[in-house]
Amino acid sequence: MSFRKDFVWGAATASYQIEGAYNEDGKGSSIWDEFTHIDGKILDKSTGDVACDHYHRYKEDVRLMHELGLKAYRFSIAWPRIFPDGIGSVNQKGIDFYNNLIDELLSYGIEPYITLYHWDLPYALYLKGGWLNDDIADYFERYTTVVAENFGDRVKNFITFNEPQVFIGCGCLEGSHAPGFQYGDKDLLRMCHNVLRAHGRAVRVLRQTVPDVKIGFTSAASPLVPLTENDVEAARGGFFSCGRGNFVFSQSFWHDPIAFGKYPEAILSTYGEDFPAVDEEDMKLISAPIDFIGLNIYTGAFVKADENGYAQRIPCYRGHPRTAIGWDVVPQSLYWGTKFFYDRYKLTIFITENGMSAHDCISLDGKVHDPNRIDYLNRYLLELKKSAEDGADIGGYFQWSLMDNFEWAKGYSERFGVIYVDYETQNRIIKDSGYWFKGIIEQNGENL
Ligand code: GBH
């Protein structure tokens, strides 16, 4: 036994990170368009105005996906391309772009996975309060309806949200991402609840509109890895803990309402009156069954149990392997993350992102050699395979990312792709890791 026969092998991207064409064909502005144009927000002062110019080069990019042997491609839709003002009138050219992309994918037999929200909120909605405005659930429902009606005849897989932990946490708690502010807990709780309300509405629309739809919700997870057998329960407890100070970045705050129909007790008792009024109707929609959980896992933290059985972090040893962006290489995070999630929620798990940034460059032979990435993917995939063999239901794996792209606050200074992008010329080169990944896909991971 290894990966299941119908295991989904893919790669992932997000609209703002690759599309460019930020103000073409009627597209409205997003919070990321505004944020990147403010001096001092992005490390290398770059923007997503052009990015990988995927908007104009999608045909070449799909051909490259085919060359990599990908079975699936996860991409996100830019909400302001469909609704320039977030609500109101639909921009047909935006619909056309995604229709063309979807048809191109299908012509190569590549299965599309659509993420509805990968962070590029229409700026017009931000001006109405963004996630703090309770009406945003209505706006998101309308947006989802248009997406479902236009693409649902050909697209069956949808992820409502990508990493609420990060777009609320980095965007509205730390302020390092768009819109770039620091709100207090009371406001944050309201925003988070509105994200979940929007999720619930989207699930309802998708079920009603798209036959045989599969719906997921993707979390950013840095799993706690037990140092020994005796530390497993401490790691599990810590991984799903949720309370003052950590609810935004936690797992259970987001997934318990979806899976169990209620927020973790600790969060309700901690915040009491500060918790937004929770409507029963909303809770019903939020907890409507979904089909899979998406996990984006890049790293993890080692823990051992302290004398009270709580997880205590053990820092990595000096010189421990790290990626270019500085994250520890912890392959076991893929084993424990999927196992803990499957044990708790009993839903199929997709790894919707995993990969690493490296200081890739074009060698004299014109190729891009990235042995570190091959080693990273190899180690992580072995752990994923082990988790599947031990009984977690793993539906698929999407490598992050198909190609080098705009890495948010870090601009173009981090390269995560299995395809190298020369931003001066927009030339693409498949890296060694891309060819390696192709070989793994061909054998369904038997050769790992
Ligand atoms: C994802 O975010 C995004 O979905 C994607 O758009 C992005 O390009 C990609 O990953 C790469 O960043 O302090 O060492 O513990 C990932 C966000 C990554 C946030 C890991 C927390 C912990 C690093 N997460 N990170 S560490």
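All ligand and atom numbering here is 1-based and tracks the order in the structure. Fair warning: this is a prediction, and the values are worked out from it, not measured in the lab. Below, each value reflects all heavy atoms present in this structure, side chains not excepted, and no hydrogens, waters or symmetry copies.
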Item to complete: Please confirm whether the backbone N or O of S46 pairs with a side-chain atom of D44, one donor and one acceptor, at under 3.5 Å?
Response: yes

Discussion item. So if I count the atoms of ligand 1 from 1 in the order they appear, which ones are less than 4.0 Å from some heavy atom of W119?
Written reply: 3 (C), 4 (O)

Discussion item. So, 4.0 Å and heavy atoms of H118: is ligand 1 close enough to count as a contact?
Written reply: yes

Worksheet item: Hey, would you say the Y73 and F398 ring centroids sit under 6.0 Å apart?
Response: no

Fill in: Contact (N/O only, under 3.5 Å) between E407 and ligand 1
yes

Worksheet, complete the sentence: When distances are taken from atom 19 (C) of ligand 1, the protein heavy atom at minimum range is V166 CG2, 4.2 Å

Fill in: Sub-6.0 Å ring centroid separation between F83 and Y139
no

Item to complete: Identify whether the distance between the nearest side-chain nitrogen and carboxylate oxygen of K386 and D390 falls below 4.0 Å.
Response: no

Worksheet item: Taking only heavy atoms of F416, which atoms of ligand 1 are found under 4.0 Å from at least one of them?
Response: 11 (C), 12 (O)

Discussion item. Ring centres under 6.0 Å, that's the criterion: do W119 and F406 meet it?
Written reply: no

Fill in: atom 15 (O) of ligand 1 - nearest protein heavy atom and its distance
T299 CG2, 3.9 Å

Worksheet item: Between F341 and H255, is the gap from one ring center to the other below 6.0 Å?
Response: yes

Response to the item:
Quick look: Q165 vs ligand 1, heavy-atom contacts under 4.0 Å, and the answer is neither

Worksheet item: Looking at K156 and E111, does any basic side-chain N land under 4.0 Å from a carboxylate oxygen?
Response: no

Worksheet, complete the sentence: So for N162 against ligand 1, with non-hydrogen atoms under 4.0 Å, the contacting part is side chain

Item to complete: Please indicate, with yes or no, if any protein heavy atom is found under 4.0 Å from atom 6 (O) of ligand 1?
Response: yes

Worksheet item: Looking only at protein heavy atoms, which one is nearest to atom 9 (C) of ligand 1, and how far off is it?
Response: Y298 OH, 3.2 Å

Item to complete: For atom 18 (C) of ligand 1, find the nearest protein heavy atom and state the residue, atom name and distance (0.1 Å precision).
Response: W327 CH2, 3.3 Å

Worksheet item: Given R322, E353, M356, K410, which one has a non-hydrogen atom that is nearest to atom 4 (O) of ligand 1?
Response: E353

Worksheet item: Quick one: OG1 on T13 to CD on Q399, what's the gap to the nearest 0.5 Å?
Response: 11.0 Å

Discussion item. Is it the case that ligand 1 has an N or O less than 3.5 angstrom from some N or O of W400?
Written reply: yes

Practice prompt. Indicate, with yes or no, if the rings of W336 and F239 have centres closer together than 6.0 Å.
Written response: no

Worksheet entry | Test applied, side chain to side chain donor-acceptor pair (under 3.5 Å); reference residue, N296; option that passes from N162, N354, T218 | N162

Worksheet item: Are S222 and ligand 1 in contact, using a heavy-atom cut-off of under 4.0 Å?
Response: yes

Discussion item. Any nitrogen or oxygen of E163, side chain or backbone, less than 3.5 Å from one on ligand 1?
Written reply: yes

